[in-house]
J.: 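So that we are looking at the same thing, I have put the structure below in structure tokens.
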2 protein chains.
Amino acid sequence: MRKRKGAGRPTIADVAAQAGVSSITVSRALRDPQKVSERLRAKIDKAVRALNYIPDTHASALASSRSNVVAVLVPSLTNNVFSDTLRAIYDALDASPLQVQLGNSRYSATEQERLIGIFLSQRPTAVIVSGIDQTPAARKMLEEANCPVVQIMETGPDPIDMMVGFSHYQGGRAAAQHLIDQGYRHIGFLGARMDPRTTRRLAGFRRALEDAGMFDPDLVKTTTTSSSVTLGGVLLRELARHRPDLDAVFCNNDDLALGALFGAQKAGISVPDQLGIAGFNDLEMMQAACPSLTSIRTDRYGIGRHAVNMIQAVLEGTPPPEKIIDLGFDLQMRQSSDRRHILASGPA
Amino acid sequence: MRKRKGAGRPTIADVAAQAGVSSITVSRALRDPQKVSERLRAKIDKAVRALNYIPDTHASALASSRSNVVAVLVPSLTNNVFSDTLRAIYDALDASPLQVQLGNSRYSATEQERLIGIFLSQRPTAVIVSGIDQTPAARKMLEEANCPVVQIMETGPDPIDMMVGFSHYQGGRAAAQHLIDQGYRHIGFLGARMDPRTTRRLAGFRRALEDAGMFDPDLVKTTTTSSSVTLGGVLLRELARHRPDLDAVFCNNDDLALGALFGAQKAGISVPDQLGIAGFNDLEMMQAACPSLTSIRTDRYGIGRHAVNMIQAVLEGTPPPEKIIDLGFDLQMRQSSDRRHILASGPA
DNA sequence: TGACGTGATGTTAGCGCTATCATTATGTTA
DNA sequence: TAACATAATGATAGCGCTAACATCACGTCA
């Protein structure tokens, strides 16, 4: 009957004809070569190359109810933290036939839920989703998605399926403990956005100070606006004006920490002597700053790499022994909080 | 006959049955509502909502040889310049049924070509690609792709289809001219990566200095390694050691400029008096730095927004009057290159 | 009044692949 | 050697949607 146009791209039937086999054999040879005899496989490979055949992803997905898409959901495209992890995911998937479908939830759990719905309608091979604070509906969808799911950036007690990250609570606690150990006594907290991970860093910070009998809610300065270097300076100067006894700040990310450094410099406050500064994530600029900035180093690239590894392991039928991978963190002490010279010369 | 499982998700036939119409009418009602009478449209909408129907993108793409994918190719996921543009693209496409398929070419033209091949096999609705330096094969593929193509980040004389960006050559030239105007006489160039855009900035820089009779190739310090704040400090100190007469640097991006500032601070070189610094792109941190840093402001978000607008205009049948949009740039003079106090008090 | 345009809806046949059996050839066991 | 497992290949029928044509109910105009 009437024929549709067709873009003229070769189909699996063309390959089959050229190789003298049936199309299902071509399909098998491409998807699972060991199911086809070596003789036919060679013929088919040759035909594929001769015709420059590229399988149609949509037809494949429709027929198999399965796509080659890995859905990845991050809360921000501009935050370097996520771009490092994304880069790892793209790098790791590079050699595989899997494609990334990236969604930006803008730090909104409901937006994340919406995107999960859209992405699942593409029947992805796997889902990578940031954080552990999905809405109940989103969690339910993912549990029923019938594909590997990895929650990244954070660890928690109750994975949907798998998890790679670290404890933001412990990170915040370690940063605070470090400032205490350096002899600071009026330690503030600068926080932007206050998403769930940030909030847990604050909780860890608070715990460390409470244990040391030093927690003062008046020294916690937070805002829900998004983070920036400029904001770090603004928050620092507001807090320092309000509380002249402030002698250190833990900033919930590195942008704020850099901004706090600039703010201190503008206000003539010397770092680290009059003010200690610590950040979170240890972006590359932290060690280059003058003075260099203390931060909690996190393995963002590793998180992406591990997430893909776990997915591939499941797809290959050898699920990873551990459902939860905690990559931890490292405190990188640098000049901005180094008071060893003062500590050595006597008690504060 | 034997039935396949089917994930149980409602199909267009279920909606049609519920609404008491044929499935093609449902299809039309969803894709082009004005082709269906108001009465049926209401019924169909109701059925769609009742069943929570979500169209299958793969089936649609297979049947129509057209997907809802906009392919976007950027050279880097970690460079803030591109994440700003990406954010704009995601924001602008948010209300439409179009989905972004993102590829990372890692600053490699051959990798870009490979990805274009993969993406075109998904028959995208449109393609957004960074830069104007496609390989001949890639250019040919895009010309034959039979969909809108927008080259972004840069303008040039010979668009594949459409273009949004600005002239990096003129940007580099303006930065150099500014440093000349501020009375600097031994102006260096710090460059990382040296991709095509960077190279054109250098060409503009060179032109301005040559016009002023001040170009000195010995003051151009470049590397092909990727850019970082740390690298900015390293390059600056190497150049300053080699050429003590250096009195200003134009850095081909803001990371290098920030690093140069830190490097100068570590070396005890005062900015802007002993050394002027200018960057490129005007990331948010530039104005927060201490001293604040001069930069060439570019409208990265606007580039993404315009690119999507142009695509949507074409899809709606009202192609934009201009194939090339030049969004220009603005020099933001700040403390790091401000010598008006010196210029005012007499000749250098 | 009858040939004909117009808009709304329906029928049918694919799009290019793969799931599910069916078939055939080959080896294996009692 | 009969009965049966195993491996390699094929035939067929969809997956869920839409392009292309068909039909039908109106109105229009000479």
Side-chain angles (χ1 to χ4, degrees), chain A residues 1-44 47-48 51-69 97 120-123 125, chain B residues 1-44 47-48 51-68 97 121-123 125:
Chain A
M1 271 223 76
R2 65 212 133 87
K3 259 297 198 59
R4 296 236 198 128
K5 264 295 292 300
R9 240 167 7 106
T11 72
I12 204 169
D14 298 326
V15 177
Q18 170 120 2
V21 299
S22 71
S23 32
I24 187 69
T25 304
V26 176
S27 176
R28 278 198 274 258
L30 294 174
R31 284 178 300 146
D32 199 352
Q34 65 193 24
K35 281 200 172 167
V36 171
S37 69
E38 207 167 328
R39 200 175 53 86
L40 290 191
R41 216 188 309 150
K43 274 197 193 172
I44 291 168
V48 164
L51 294 173
N52 196 21
Y53 169 70
I54 300 173
D56 183 305
T57 53
H58 299 299
S60 168
L62 178 58
S64 65
S65 309
R66 206 178 306 119
S67 73
N68 68 339
V69 167
L120 289 183
S121 89
Q122 296 182 48
R123 304 174 190 256
T125 298
Chain B
M1 270 222 75
R2 66 210 131 89
K3 259 297 197 59
R4 298 237 197 126
K5 264 296 292 300
R9 241 167 7 104
T11 72
I12 204 169
D14 299 326
V15 177
Q18 171 119 4
V21 299
S22 71
S23 29
I24 188 71
T25 303
V26 175
S27 176
R28 278 198 273 257
L30 294 175
R31 284 178 300 147
D32 200 351
Q34 65 194 22
K35 281 199 171 167
V36 172
S37 69
E38 205 166 331
R39 199 174 55 85
L40 290 191
R41 216 186 311 149
K43 273 195 193 175
I44 291 168
V48 164
L51 295 174
N52 196 22
Y53 169 70
I54 301 173
D56 184 305
T57 52
H58 300 299
S60 168
L62 179 59
S64 66
S65 311
R66 203 178 309 117
S67 74
N68 67 339
S121 89
Q122 296 181 46
R123 304 173 190 255
T125 298

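Each chain gets a letter, A, B and so on, in the order its sequence line appears, and its residues count up from 1. Everything quoted here is computed from the prediction, not taken from an experiment.
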J.: Quick one: is A/S27 getting a side-chain N or O under 4.0 Å of the C/dC17 phosphate, OP1 or OP2?
T.: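 Indeed not, no polar side-chain atom of A/S27 lies that close.
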
J.: Tell me the interatomic distance from A/I24, atom CD1, to C/dC17, atom C1', rounded to whole angstroms.
T.: 8 Å

J.: Do any side-chain nitrogens or oxygens of B/S37 fall under 4.0 Å of OP1 or OP2 in C/dA8?
T.: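 No, because none of the side-chain N or O atoms of B/S37 sits under 4.0 Å from OP1 or OP2 of C/dA8.
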
J.: Using whole Å, report how far CG of B/L40 lies from P of C/dG10.
T.: 7 Å

J.: Which heavy-atom pair separates A/S67 from A/Q122 by the least distance, and what is that distance?
T.: OG-O, 3.2 Å

J.: side-chain contact (heavy atoms from CB on, under 4.5 Å) with A/Y53: which of A/D14, A/I44, A/I12?
T.: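 Answer to the side-chain contact (heavy atoms from CB on, under 4.5 Å) test with A/Y53 among A/D14, A/I44, A/I12: A/I12.
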
J.: Should stems be defined as at least three consecutive Watson-Crick or G-U pairs with both distances under 3.5 angstrom, which of them involve DNA chain D?
T.: C:1-30 with D:1-30

J.: Let me know the distance between CG of B/N68 and P of D/dT18, rounded to the nearest Å.
T.: 11 Å

J.: For the side chain of B/P55, starting at C-beta, report the closest nucleotide among D/dC17, D/dG10, C/dA19.
T.: D/dC17

J.: B/K35 has an atom NZ; how far is it from atom P of C/dA8, in whole Å?
T.: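 The distance from NZ of B/K35 to P of C/dA8 comes to 10 Å, rounded to the nearest Å.
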
J.: Verify the contact: side-chain N or O of A/S60 to OP1 or OP2 of C/dT18, cut-off strictly under 4.0 Å; return yes or no.
T.: yes

J.: So, A/D56 side chain and A/A59 main chain: donor-acceptor pair closer than 3.5 Å or not?
T.: yes

J.: Tell me: CZ of A/R41 to P of D/dA7, nearest whole Å?
T.: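 Checked: the CZ to P distance equals 15 Å.
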
J.: Which nucleotide in the list D/dG10, D/dA19, C/dA19 gets nearest to the side chain of A/V21?
T.: D/dG10

J.: I'd like to know whether CZ of A/R41 has more than 12 heavy-atom contacts from other residues, nucleotides or ligands below 6.0 angstrom.
T.: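 More than 12 within 6.0 Å, yes.
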
J.: Write down the atom of A/A47, the atom of A/A19, and the distance for their closest heavy-atom approach.
T.: CB-CB, 4.1 Å

J.: In the structure I gave you, are the side-chain heavy atoms of B/V21 and B/V26 within less than 4.5 Å of one another anywhere?
T.: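 Yes, their side chains come closer than 4.5 Å.
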
J.: At less than 4.0 Å, is any side-chain N or O atom of B/S22 found next to OP1 or OP2 of C/dG10? Yes or no.
T.: yes

J.: Does any part of the side chain of A/I24, heavy atoms only, come nearer than 4.5 Å to the side chain of A/R28, both counted from C-beta?
T.: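 Yes; the side chains approach each other to less than 4.5 Å.
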
J.: Once you round it to whole Å, what is the distance between C1' of D/dG16 and CG of B/D14?
T.: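 These atoms are roughly 10 Å apart.
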
J.: In whole angstrom, give the distance that lies between atom CG of A/L62 and atom P of C/dG14.
T.: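 Interatomic distance, CG of A/L62 to P of C/dG14: 17 Å.
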
J.: Looking only at the side chain of A/R31 (C-beta and beyond, no hydrogens), which of the listed nucleotides C/dC15, C/dA19, C/dC17 gets closest?
T.: C/dA19

J.: Could you state the atom-to-atom distance from CZ of B/R66 to C1' of D/dT18 in whole Å?
T.: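 One finds 9 Å between C1' of D/dT18 and CZ of B/R66, rounded.
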
J.: Please figure out whether B/Q34 or B/A59 has its closest DNA chain C nucleotide nearer the 5' end.
T.: B/Q34

J.: I want to confirm an ordering. Mapping B/R28 and A/A61 to their closest nucleotides on DNA chain C, which one lands closer to the 5' end?
T.: B/R28

